[in-house]
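Everything numeric in this text was worked out from a predicted model, so none of it was measured.
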Amino acid sequence: MSDKQAEFLRVVVVDEEFPYPINSGKRIRTLNLVKELAKRHRILYVAQANQEPSELDSAKEYLNEIGVETLEVPRAIPSKSGIGFYARLFVNLFSKMPYSVTSHQNPKLHSALKKISQTKKVDIWHCEWTPYLEYFRRLDVKPVVVTAHNVESLIWKRYAESETTIIKSWYIKKQWKKFELFEKWAFYRADKIVTVSEQDSNLAKIEFGAASVGVVENGVDFEAFSSNGEPRLENSILFLGSLDWRPNLDGLQHFLRTSFSKVLKEYPEVTLKIVGRNAPSWLLSLGERDSHIEVHSNVPDAKPFLCEATIMVVPLRIGGGSRLKIIEAAANQLPVVTTIIGAEGLNFKHDEEYFYSEDIEHLHIPLIKALSNAGSRKEVAKKAFEKASKEYGWDRLATVQDSIWCSVCSIKD
């Protein structure tokens with residue numbers, strides 16, 4: 001390691017928005033890693049203004065407090081609703097790029113990055129989401145590192161496979177193929193890919209020819225999430241996750257249509273608490289109509305729900321990366337029931353460190369089993385906690401990310 005590396009690296013992190021408050025899985029991961037890495041390096045965080053204007057000042061203030069410099073660019077990400085949204089989807093049919101890439105292109109962000117490249121000494125350019133690598137198509141800088149929170153084409157492939165509407169399926173398949181082409185370019189353009197699981201790492205190498213891939217798994221702040229030892233509620237099921245992320249909503253809707261009614265037949269007193277940011281109107285209405293369902297949108301802290309629940313359910317049939325919410329549940333000694341895809345990417349063993357079903361349609365079977373056996377719940381939760389405490393602390397994971405940065409910072413233009 002050079003003297004420069006031994007002292008600090010000058011790192012520019014590029015993201016959609018500032019990762020605060022930590023009310024989504026991506027923000028939790030990004031902020032916790034940046035918080036640790038800012039103790040070792042000089043970080044400039046460049047992002048578009050947060051979608052929620054009330055977050056912006058506090059986000060920048062918090063990042064500054066932990067030693068991260070911020071550069072805000074006016075937001076230019078179009079809405080995902082209304083006639084304009086569908087018009088943009090139609091126009092995207094004639095583009096080679098996926099909609100998630102084209103809709104996030106902001107000339108002011110490109111200009112800001114170009115100016116930084118011309119006026120500042122930068123050791124590492126770090127992209128916090130694969131679609132933002134498009135900005136580096138026109139910026140001749142090195143080294144560039146990207147965190148692939150998911151292999152995006154895998155998610156779109158699973159969308160296509162699960163969609164039953166002909167027109168939607170046709171359109172989604174086009175997005176899937178576009179993302180395959182984009183990720184082949186992106187993984188070639190980046191000097192280092194960071195995935196959140198070995199499974200995604202292997203996919204990036206085998207399917208997309210990525211030459212240099214490192215793995216930095218998701219983690220948990222044990223001080224923040226460890227259980228306080230208070231007794232849990234009886235027959236309380238928790239669903240936790242961003243309610244504006246399609247895989248979460250898809251899984252939740254499917255779970256409500258299939259397995260949840262079967263759980264209610266066995267446990268009529270059961271309550272499903274749905275917690276996450278930006279709940280859609282139909283879900284809020286359902287919570288008002290159904291006495292068995294509570295919807296808690298945009299809560300300041302999810303920990304009270306983790307502390308009181310009997311069990312967490314993670315009904316996913318679409319997704320990639322790894323499930324940070326399961327690690328948080330493990331840190332809280334809250335047992336988890338999920339699908340095979342739901343636990344994908346985690347080093348947890350099914351039926352030992354979580355309860356599982358092959359698919360959402362049969363999730364009621366392990367859920368009923370877990371609700372009926374407190375001893376089994378306690379044993380599974382204990383084993384998951386032991387695994388998480390050994391492997392998923394942010395300080396250890398930040399050290400892995402640090403070593404990745406140091407390994408590529410000698411790459412020259």
Side-chain angles (χ1 to χ4, degrees), residues 25-26 29-30 33 96-101 104 126-134 136-137 143-163 169 172-219 241 245-248 250-251 314 316-327 338-350 354 356 358-360 391-392 397 400-401 403-404 407-408:
K26 179 180 178 294
R29 172 192 170 88
T30 300
L33 288 175
K96 294 180 180 180
M97 294 292 178
Y99 180 77
S100 296
V101 175
H104 281 260
H126 186 107
C127 217
E128 259 302 300
W129 189 33
T130 309
Y132 275 62
L133 266 177
E134 178 63 18
F136 293 90
R137 192 185 293 269
V144 178
V145 177
V146 63
T147 295
H149 292 265
N150 303 285
V151 177
E152 300 293 334
S153 56
L154 175 62
I155 293 179
W156 285 95
K157 178 176 183 289
R158 287 173 172 170
Y159 284 159
E161 292 171 344
S162 61
E163 181 56 60
S169 177
I172 290 170
K173 284 178 182 178
K174 286 188 171 295
Q175 292 296 313
W176 162 25
K177 295 302 179 182
K178 288 180 181 183
F179 253 118
E180 282 189 336
L181 291 174
F182 178 76
E183 284 183 318
K184 284 180 180 178
W185 169 82
F187 291 168
Y188 173 79
R189 170 64 180 93
D191 297 290
K192 190 79 172 187
I193 316 299
V194 177
T195 65
V196 303
S197 71
E198 289 290 348
Q199 183 169 341
D200 280 4
S201 173
N202 292 333
L203 185 60
K205 293 174 185 175
I206 296 169
E207 297 296 327
F208 298 97
S212 185
V213 186
V215 178
V216 180
E217 296 170 301
N218 284 326
W245 193 50
R246 188 180 303 193
N248 282 341
D250 170 85
V314 184
L316 285 178
R317 58 178 187 161
I318 297 169
S322 70
R323 316 297 173 243
L324 192 146
K325 69 190 80 176
I326 295 179
I327 306 172
T338 185
T339 58
I340 290 295
I341 288 178
E344 194 176 59
L346 294 172
N347 190 24
F348 287 164
K349 297 177 181 177
H350 61 260
Y354 67 93
Y356 89 108
E358 291 286 343
D359 51 45
I360 293 174
E391 300 186 15
Y392 294 108
L397 296 168
V400 178
Q401 179 67 71
S403 67
I404 290 173
S407 72
V408 300

| task | Measure from the side-chain N and O atoms of Glu183 to the backbone N and O of Val151, and report whether any donor-acceptor pair falls under 3.5 Å. | result | no

| remark: What one should report as the nearest heavy-atom pair of Glu358 and Thr339 is O-CB, 4.4 Å

| request: Identify the two heavy atoms, one from Ser201 and one from Val213, that lie closest to each other, and give their separation to 0.1 Å. | output: OG-CG1, 3.4 Å

| request: Taking all non-hydrogen atoms of both residues into account, name the closest pair between Thr338 and Val314 and its distance. | output: OG1-O, 2.7 Å

| query | Are the ring centres of Phe187 and Phe208 closer than 6.0 Å? | reply | yes

| task | Supply the atom-to-atom distance Thr195 OG1 to Asn202 CG, rounded to the nearest 0.5 angstrom. | result | 8.5 Å

| query | Looking at Asp250 and Arg317, does any basic side-chain N land under 4.0 Å from a carboxylate oxygen? | reply | yes

| query | Would a 4.5 Å heavy-atom cut-off, applied to side chains only, mark Val194 and Val215 as touching? | reply | no

| Whether over 12 other heavy atoms sit under 6.0 Å from Lys184 NZ | no

| query | So, for Val196 and His149, which heavy atoms are closest and what is the spacing to 0.1 Å? | reply | CG2-O, 3.7 Å

| task | Please lay out, stage by stage, how Tyr392 and Leu346 fare under the test side-chain contact (heavy atoms from CB on, under 4.5 Å). | result | CA-CA 10 Å; Tyr392 294 108; Leu346 294 172; 4.2 Å; yes

| message | Tell me whether Arg323 contacts the main-chain N or O of Gly342 through its side chain, where contact means a donor paired with an acceptor under 3.5 Å. | response | yes

| note | What one should report as the nearest heavy-atom pair of Leu133 and Cys127 is N-SG, 3.5 Å

| said: Within this structure, what is the NZ-OG distance for the pair Lys178 and Ser100, rounded to the nearest 0.5 Å? | reply: 11.0 Å

| Check: Phe182 ring centre within less than 6.0 Å of Trp185 ring centre | yes

| query | Cut-off 3.5 Å, side chains only: do Glu152 and Trp176 have a donor facing an acceptor? | reply | no

| message | I want to check something: taking the side chain as every heavy atom from C-beta on, are Tyr356 and Ile340 in contact at a cut-off of under 4.5 Å? | response | yes

| remark: Here the gap from Asn150 atom CG to Leu203 atom CG, rounded to the nearest 0.5 Å, amounts to 11.0 Å

| Counting only heavy atoms not in Lys157, do more than 12 fall under 6.0 Å of its NZ? | no

| message | Working to the nearest 0.5 angstrom, can you tell me the gap between Gln199 CD and Leu154 CG? | response | 7.5 Å

| said: Is it the case that the side chain of Arg189 and the backbone of Arg137 share a donor-acceptor pair, with hydrogens and angles ignored and the cut-off at 3.5 Å? | reply: no

| said: Donor-acceptor pair, distance only, cut-off 3.5 Å: does the side chain of Gln175 make one with the backbone of Tyr99? | reply: yes

| message | For a 4.5 angstrom cut-off between non-hydrogen side-chain atoms, does Lys192 reach Val146? | response | no

| query | Out of curiosity, Glu391 CD to Leu397 CG, how far, rounded to the nearest 0.5 Å? | reply | 9.5 Å

| message | Any non-hydrogen side-chain atom of Ile318 less than 4.5 Å from a side-chain atom of Ile341? | response | no

| request: Taking Asp191 for its side chain and Val144 for its backbone only, find out whether a donor-acceptor pair lies under 3.5 Å. | output: yes

| Nearest-0.5 Å distance, CD of residue Glu198 to CG of residue Asn347 | 9.5 Å

| task | Determine the interplanar angle of the Phe179 and Trp156 rings, folded into 0 to 90°, and report it as parallel if under 30°, tilted if 30 to 60°, perpendicular if over 60°. | result | parallel

| Ring-face cation of Arg246 near Tyr159 (centre distance under 6.0 Å, axis angle within 45°) | yes

| query | Which atom pair, heavy atoms only, marks the closest approach of Ile327 to Asn218? | reply | CD1-O, 3.4 Å

| request: Determine, for Arg158 against Glu161, whether the closest basic-nitrogen to carboxylate-oxygen distance falls under 4.0 angstrom. | output: no

| Is there a donor-acceptor contact under 3.5 Å linking the side chains of Glu180 and Ser153? | no

| Pair Arg29-Val216, side-chain contact (heavy atoms from CB on, under 4.5 Å): steps then yes or no | CA-CA 10 Å; Arg29 172 192 170 88; Val216 180; 3.6 Å; yes

